[in-house]
A.B. asks: 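A single structure is presented below for examination.
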Amino acid sequence: MSRRWLGLFGGVAAVELIGVAADLTEVQWVAKPLLAPLLLGYLLSARRRVDPVAVGLVFAAAGDVALLVPGRTAFLVGMGCFLVTQLAFLTAFLRHRRPPVAAVVAYLALWAVANALLWGRLGALRLPVLGYSLALSLMAAAATGVSRRTAVGGALFLGSDLLIGLGAAGVAVPRHDLLVMATYIAALASITTGWARALATAEPASRPSPLPLRPSLS
């Protein structure tokens, strides 16, 4: 059953990327809001429980819809939704396992450098971007403590939103929108599937082994 959700996600992701590449707004309005809910369906079918990653996917879906609406207000609403997503993912990952200190230091250094370079170009978005990017960087660092797949997903999420930040700062990047969406789709998929697999692997080890049978005295 969970594979069907991933199959549907792959099909919708392909449609969304075509819509972005061809600048078909109507196609994006149909496909983009379905991405996170389909991964949520996969996660619930695999885990059969609601956890912080599932909550994060709900807010990611809301953020996707908000970012389809043009204008600064909608952009800030979308950023607020994704802030909840990052905090939810961060909570889940830290509860699972602490990340390596080196990963935290590296991501915080990247956060500081990126914000320093873009600070003069972001204008009124400086403080919202500063706070959101800190949560994003901490999430990406925490993802390294879960599994290799979630670590890749966290890095891709940061890369996708860094591209959005470059666009907000007026820095031109070839095929910007397509790169943003491709890395975002890969990030969500990697985080969700990596999280489900990490928990499935950890659960058998965490269960107490059955007591040995008492030997017969006969």
Side-chain angles (χ1 to χ4, degrees), residues 1-46 50 53-86 88-89 118 121-125 128-129 132-133 135-136 139 152-193 195-196:
M1 185 63 179
S2 57
R3 290 184 179 180
R4 293 181 182 178
W5 287 108
L6 291 181
L8 289 171
F9 173 80
V12 171
V15 171
E16 167 64 10
L17 291 176
I18 291 171
V20 172
D23 198 20
L24 301 174
T25 304
E26 296 82 1
V27 173
Q28 295 175 54
W29 268 100
V30 171
K32 190 177 182 183
L34 295 176
L35 293 169
L38 288 172
L39 287 176
L40 177 61
Y42 159 79
L43 184 61
L44 293 179
S45 67
V50 175
V53 172
V55 174
L57 289 172
V58 171
F59 279 90
D64 282 339
V65 173
L67 293 180
L68 284 169
V69 180
R72 183 182 169 206
T73 300
F75 181 81
L76 290 174
V77 170
M79 185 185 296
C81 291
F82 277 107
L83 175 61
V84 179
T85 295
Q86 307 307 341
F89 287 175
L118 297 178
R121 292 174 169 263
L122 290 172
L125 292 175
V129 169
Y132 172 76
S133 60
L136 172 62
M139 182 281 294
V152 170
L156 286 170
F157 214 137
L158 189 146
S160 179
D161 282 1
L162 179 57
L163 287 169
I164 294 177
L166 290 172
V171 179
V173 177
R175 307 299 292 176
H176 174 268
D177 292 346
L178 185 60
L179 283 174
V180 167
M181 186 51 56
T183 49
Y184 170 68
I185 288 171
L188 273 192
S190 298
I191 287 173
T192 306
T193 58
W195 174 249

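In this chain, numbering begins with 1 at the start of the sequence shown.
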A.B. asks: Please identify each residue that fulfils side chain to side chain contact (heavy atoms under 4.5 Å, CB included) with Val84, with sequence neighbours left out.
C.D. replies: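 Once residues adjacent in sequence are excluded, the partners of Val84 under the side chain to side chain contact (heavy atoms under 4.5 Å, CB included) criterion are Phe59.
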A.B. asks: Which heavy-atom pair separates Ala61 from Ala36 by the least distance, and what is that distance?
C.D. replies: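 The answer is N-CB, 3.8 Å.
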A.B. asks: What pairs with Phe9 under ring pair (Phe, Tyr, Trp, His ring centres under 6.0 Å), at least two apart in sequence or on another chain?
C.D. replies: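 Phe9 satisfies ring pair (Phe, Tyr, Trp, His ring centres under 6.0 Å) with no residue once adjacent residues are dropped.
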A.B. asks: Does some side-chain heavy atom of Met181 sit less than 4.5 Å from a side-chain heavy atom of Leu35?
C.D. replies: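 The answer is yes, as the side chains (C-beta and beyond) meet within the 4.5 Å cut-off.
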A.B. asks: For Leu125 and Ala168, work out which heavy atoms get closest and say how close.
C.D. replies: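 Here Leu125 and Ala168 meet closest at CD1-CB, 4.1 Å.
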A.B. asks: Determine all donor-acceptor pairs shorter than 3.5 Å in which one atom belongs to a side chain in residues 65-73; sequence neighbours excluded.
C.D. replies:
none

A.B. asks: Which distance, rounded to the nearest 0.5 Å, do you find between the CZ of Arg3 and the CG of Leu8?
C.D. replies: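 So the gap between those two atoms works out to 14.5 Å.
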A.B. asks: Any idea which heavy atoms bring Gly153 and Ala187 closest together, and the distance?
C.D. replies: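 Residues Gly153 and Ala187, closest heavy atoms: O-CB, 3.4 Å.
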A.B. asks: Quick one: CG on Leu40 to CG on Leu34, what's the gap to the nearest 0.5 Å?
C.D. replies: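 Interatomic distance, Leu40 CG to Leu34 CG, rounded to 0.5 Å: 12.5 Å.
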A.B. asks: Hey, are the side chains of Arg121 and Leu166 touching, using non-hydrogen atoms and a 4.5 Å cut-off?
C.D. replies: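 With C-beta onward as the side chain, the pair stays apart.
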A.B. asks: Can you give me the closest heavy-atom contact between Phe89 and Met139, atom names plus distance?
C.D. replies: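 Scanning both residues, the minimum pair turns out to be CB-CG, 3.6 Å.
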A.B. asks: Mind listing the side-chain donor-acceptor pairs of residues 17-26 below 3.5 Å, one per line with the distance, residues two or more places apart or on another chain?
C.D. replies:
none

A.B. asks: Testing the basics here: between Ala13 and Ile185, what is the closest heavy-atom pair and its distance to 0.1 Å?
C.D. replies: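 Result for this residue pair: CB-CG2, 3.8 Å.
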A.B. asks: What pairs of residues pass the side-chain hydrogen bond (donor to acceptor under 3.5 Å, both in side chains) test when at least one of them lies in residues 165-192, not counting sequence neighbours?
C.D. replies: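 Listed by first then second residue: Asp64-Tyr184, Ser160-Thr183.
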A.B. asks: For a quick test of reading the model, state the closest non-hydrogen atom pair linking Trp195 to Leu43 and the distance between them.
C.D. replies: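 What the structure gives for the nearest pair is CD1-CD1, 4.0 Å.
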A.B. asks: Using 0.5 Å steps for rounding, measure from the CZ atom of Phe82 to the CD atom of Gln86.
C.D. replies: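 If I round to the nearest 0.5 Å, the distance is 8.0 Å.
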A.B. asks: Less than 4.5 Å apart, any side-chain heavy atom of Leu6 and any of Thr193?
C.D. replies: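 A side-chain contact under 4.5 Å exists here.
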A.B. asks: Is any side-chain heavy atom of Val30 less than 4.5 Å from a side-chain heavy atom of Val12?
C.D. replies: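 No, every pair of side-chain atoms sits at 4.5 Å or beyond.
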A.B. asks: Just verifying a value: how many Å separate Ser133 OG and Leu83 CG, rounded to the nearest 0.5 Å?
C.D. replies: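 If I round to the nearest 0.5 Å, the distance is 10.5 Å.
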A.B. asks: With sequence neighbours excluded, what pairs up with Tyr42 under the ring pair (Phe, Tyr, Trp, His ring centres under 6.0 Å) test?
C.D. replies: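 So Tyr42 forms no ring pair (Phe, Tyr, Trp, His ring centres under 6.0 Å) with any residue.
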